[in-house]
Engineer: 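Just passing along the structure, written as structure tokens.
By convention in this document, chain letters (A, B, ...) are assigned in the order of the sequence lines, proteins followed by strands, and residues within each chain are numbered from 1. Worth knowing before you read on, the calculation uses all heavy atoms, side chains too, and leaves out hydrogens, waters and symmetry mates. Source: prediction; values computed, not measured.
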Amino acid sequence: MAVVRSSCGSSARLTAPTCVLLLLLFAFVSVASASRDDAPGGNNETGRAPPEDSHHHHQQTNSSTHHKKAFPVLSFNYEHVRQPFEISLWILLALLMKLGFHIIPRVSNVVPESCLLIVVGLLIGGIIKAIGEKAPMLDSKLFFLYLLPPIILDAGYFLPIRPFTENMGTILVFAVVGTLWNTFFVGGMMYAVCQIEGAQLGGVDLLSCLLFGSIISAVDPVAVLAVFEEIHINELLHILVFGESLLNDAVTVVLYHLFEEFSHADTVTVGDALLGVVCFFVVSLGGIMVGAIYGLLGAFTSRFTSHTRVIEPLFVFLYSYMAYLSAEVFHLSGIMSLIACGVMMRPYVEANISHKSYTTVKYFMKMWSSVSETLIFIFLGVSTVAGPHAWNWTFVIFTVILCLVSRVLGVIGLTYVINKFRIVKLTKKDQFIVAYGGLRGAIAFSLGFLLTNSQLKNMFLTAIITVIFFTVFVQGMTIRPLVELLAVKKKKESKRSINEEIHTQFLDHLLTGIEDICGHYGHHHWKDKLNRFNKAYVKRWLIAGERSTEPQLISFYNKMEMKQAMMLVESGSAAKLPAIVSSMQNIQPRGPARPRAIPSISKSREQEIRKILRANLQKTRQRLRSYSRHDLLIDPFEDGLSEVRFRRQRVEMERRMSHYLTVPANRQEIPSVRKVCFEPEHQVYTYDTDGESLRGRRASHSHPSASDAAGLVNESTRRPDQSGAAEPRAKVPDDQEDQDQLTLSRCLSDPGPNKDEEGGGSFLS
Amino acid sequence: MGASQTRTGNEHQHLMDKTGFSSEQIKNLRKRFLQLSGNEETIRNQRGDEAGAFQEIGFEQFLMVMCHFRPPTLKMTAEEKEAMRKEKLRFLFNMHDTDNDGTITLEEYRKVVEELLSKSGAIGQETAEAIADAAMLEVASTNVPHMAPDEFYEGITFQHFEQILKGLEMESRMNIRFLDVDTTTMRCGRSTS
């Protein structure tokens, strides 16, 4: 409380009372939910019904023992909705906390969000305990089945493939060998520590120590994501640590089950150990295979969803979740399966689904993973307060020290070996960040929670929690200043430009060629082979329509154009438009004006982009006028303003359009430009007043544009769920029909079939 | 073999100093060169008469080209890395600038993009122009932000080229692995033997 309150007080933005109010609200909410028997996933339910409940109930029974019970106008039945209610309360709480942190800027700059959330969890746990209720623990089933998958799916789906595959060797070595080293080092040394006389740890045998080592040694993807997200470190380091945290799941799963089994068995033979190695390969490769199969299924399904766009995002989520669950059925690595599914699915699904679906997928994933992450950290805090602890100074202190030491030694040793094979070597700074970024998190906690040996379990759990707290708080908080101090390269913020894309592709080809000349099969050779295979066989099956033959450069270019067109529209007023003054005139060579044939494909692209621009501008206009939609008399002031703004916007739009669509802009005569640009539109887009023919129109001309290589934009005009766009468009022409006299209306509506010269200039409505 | 060995020893030293390859790597590249050239001293230009291209190259020239693809070592300072990056960018620039006038004109750039999209048939042809134009525009607007409408952007100079590609970190990207093992037993994609 003190930390937050002091920061509240010193912050100029959020007032202290609001802060306190928020906290009180949360406390109340959590108490209310805890005082009901159970919060989601709680184990032993020993809550007592609060007084009001029994009172109501009493009243009911009282009235019923009288004569005929009066019809209950208002009744209270909490049991009915208890579980979803509490789940929703907890999620709401988590999200409100997240909101709260971003309103307090000072704290969130210094302390990573994960720390703050754990602190909140601690507070809530403390409050719950103080009032005597039983606080809910982070149930392993809840964690592994519901909270973890969204985060991993988000990570896997948006995994940057190129750096990942380029550094795959390094990542694998860190993940597999590094985790093995950590496990055995920590396990072995802890066993040695347990042999010390004075520590009262005699009951801990070697296998339990190794089991403990296997739990504590894995780098946690949730924690790494949470911390690294905020420090914006360069791509290489990010992918190294993050990739390691993802791929070490297979090792962790195998080791954990192995040692768990062994600790129940009496003897361990070499055969068992060999079986363990085999198990590792089965778990990891099996997991990947399961994920890949589901990913391909998902990609194949998305090929046929062109008529039911609404459910497209669901396919992505469901196939991925099924991949995870199927892998868990066989005790394969669910995380690797999920990653493989996302990676496999993504290029094909993105080529098939509509732009809106893509946005939906992206936002839903981010949303779910954000909620999950928040909940995980809060529950970690609550569980810390709630759980039975068995604090043993020696054990805990040594665990923390050994974890650090083994991590550092492991990274240094492995980097020494890896650098012999890497083209671009890892520097000392890189090694430091990799070592320092090895955070432990909730996976370790949940695995510890699953332990069955109760006497050691509490001690182990305590040590695990301590290590988690240490890494998340100390390392999490200090990594940002350290990154600044060591001047580690940060992620470059700028967007990918078309030049970079051209040259990246060029480099790919060039390097493949040079490798061929040198005669050895290197990284680029295999990548090239894979691309050829992909293009020749796989894409044909998994991508619908014309997109399957579209080369990557073209799809990148199209995407970029679309993005810029949309950004243009969304940026609103002309003042905000970025000033790009040069235009095609500047780069076209002077000389005899050659009649420039507009390539046919650009034309249809132009049309599509214009449609989008117009639709969006119309929406803007609609928003402006929404309160006066039904007035025949337009508010002159507002119209004057917007007319001016629209004219300016139109001019700017035209200039931008001419830039991006490479139509030579004849700047001197604006009206003729309009004519040039907009002739084709009139045939394409004649509005009728009712929505049906609108749709019919669109459907009928969607066929010629179906062959457009850039299917992305296509889909945006073919979607049936054009709730936002269709309505205003249908309505605005309605209005404008009545107001034909006003030039303004011309500017705003799509031209009807007989428009005159003036109205011909009606550009973006 | 004795006399030629000392001769090649001196040559190797000279080449090692010039290109930075190790002795093993030079030996392997020499073997590969001989394989490609059919055991002759030079490789002939198989594309016939091309303007501005050599008819045949010797081993030293082969090595000079190859050394542009060496990766940076751990011991390099920041300046050395910067110099290496410039060198690699210069190589790329020269590849694009076919008439060697110091600028990449729109035509030359278009050719580059066309080659990239050459496998895609008709779609590639048409969009290549659009893409090349957009790319050129981008270079122009990044480097010369305030151009009057009647100014003409001649072409991409080396400074502009450096500027637009500075985000790509060439010194880490434009590398291949030069092995220290024998590569003559491996086959090329299109076998020349």
Engineer: Answer yes or no: are there more than 12 heavy-atom neighbours, outside B:K111 itself, under 6.0 Å from its atom NZ?
Structural biologist: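 Atom NZ in B:K111 is not packed in, count stays at 12 or less.
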Engineer: Considering only heavy atoms, which portion of B:I164 lies under 4.5 Å from any heavy atom of chain A: side chain, backbone, both, or neither?
Structural biologist: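 Both the backbone and the side chain of B:I164 come within 4.5 Å of chain A.
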Engineer: What part of A:K529 gets within 4.5 angstrom of chain B, counting heavy atoms only: side chain, backbone, both, or neither?
Structural biologist: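 No part of it gets close to chain B.
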Engineer: Test side-chain contact (heavy atoms from CB on, under 4.5 Å) on A:L510 and B:M95; report intermediate values, then the result.
Structural biologist: CA-CA 10 Å; A:L510 177 67; B:M95 277 190 83; 3.8 Å; yes
Engineer: Check the pair A:H503, B:R173 against side-chain contact (heavy atoms from CB on, under 4.5 Å), reporting the backbone distance first and the verdict last.
Structural biologist: CA-CA 11 Å; A:H503 281 97; B:R173 280 202 187 220; over 6 Å; no
Engineer: Any chance NZ of B:K86 has more than 12 other-residue heavy atoms, nucleotides or ligands included, within less than 6.0 Å?
Structural biologist: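 12 or below, so no.
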Engineer: Measure the spacing between NE2 of B:H96 and CZ of A:F506 and express it to the nearest 0.5 Å.
Structural biologist: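 One gets 4.5 Å once the value is rounded to the nearest 0.5 Å.
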Engineer: How many angstroms lie between atom CD1 of A:I498 and atom CG of B:L137, to the nearest 0.5 angstrom?
Structural biologist: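 Separation between the atoms: 11.0 Å.
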Engineer: Under 4.5 Å from any heavy atom of chain A, what part of B:V112 do you find: side chain, backbone, both or neither?
Structural biologist: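 Contact with chain A: side chain only.
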Engineer: Got a second to check how far A:E500's CD is from B:L165's CG, nearest 0.5 Å?
Structural biologist: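 Going from the CD atom of A:E500 to the CG atom of B:L165 covers 7.0 Å.
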Engineer: Determine which residues belonging to residues 60-68 of chain B lie within contact range of chain A, meaning some heavy atom pair is under 4.5 Å apart, and list them by number or answer 'none'.
Structural biologist: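 Hits under 4.5 Å: B:F62, B:M66.
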Engineer: Please say whether more than 12 non-hydrogen atoms of neighbouring residues, nucleotides or ligands are located less than 6.0 Å from NZ in A:K490.
Structural biologist: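 Yes.
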Engineer: For B:Y109, is it the side chain, the backbone, both or neither that has a heavy atom under 4.5 Å from a heavy atom of chain A?
Structural biologist: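 Answer is side chain: those atoms of B:Y109 sit under 4.5 Å from chain A.
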Engineer: If you apply the rule side-chain contact (heavy atoms from CB on, under 4.5 Å), what do you find for A:L507 with B:M170, and how did you get there?
Structural biologist: CA-CA 10 Å; A:L507 264 183; B:M170 278 297 159; 3.6 Å; yes
Engineer: Picking from B:I131, B:N175, B:T105, B:L168, which has the most non-hydrogen pairs under 4.5 angstrom with chain A?
Structural biologist: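 The candidate making the most pairs under 4.5 Å is B:I131.
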Engineer: If you round to the nearest 0.5 Å, how far is CD1 of A:I517 from CZ of B:F33?
Structural biologist: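 Separation between the atoms: 11.5 Å.
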Engineer: Tell me whether A:E235 at atom CD has more than 12 heavy atoms from other residues, nucleotides or ligands lying less than 6.0 Å away.
Structural biologist: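 Atom CD in A:E235 is not packed in, count stays at 12 or less.
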Engineer: So which part of A:L426 gets closer than 4.5 Å to some heavy atom of chain B, the side chain, the backbone, both or neither?
Structural biologist: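 For A:L426, the backbone is the part near chain B, not the side chain.
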Engineer: Do any N or O atoms from the side chain of A:N499 and from the backbone of B:A135 form a donor-acceptor pair under 3.5 angstrom?
Structural biologist: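 Present.
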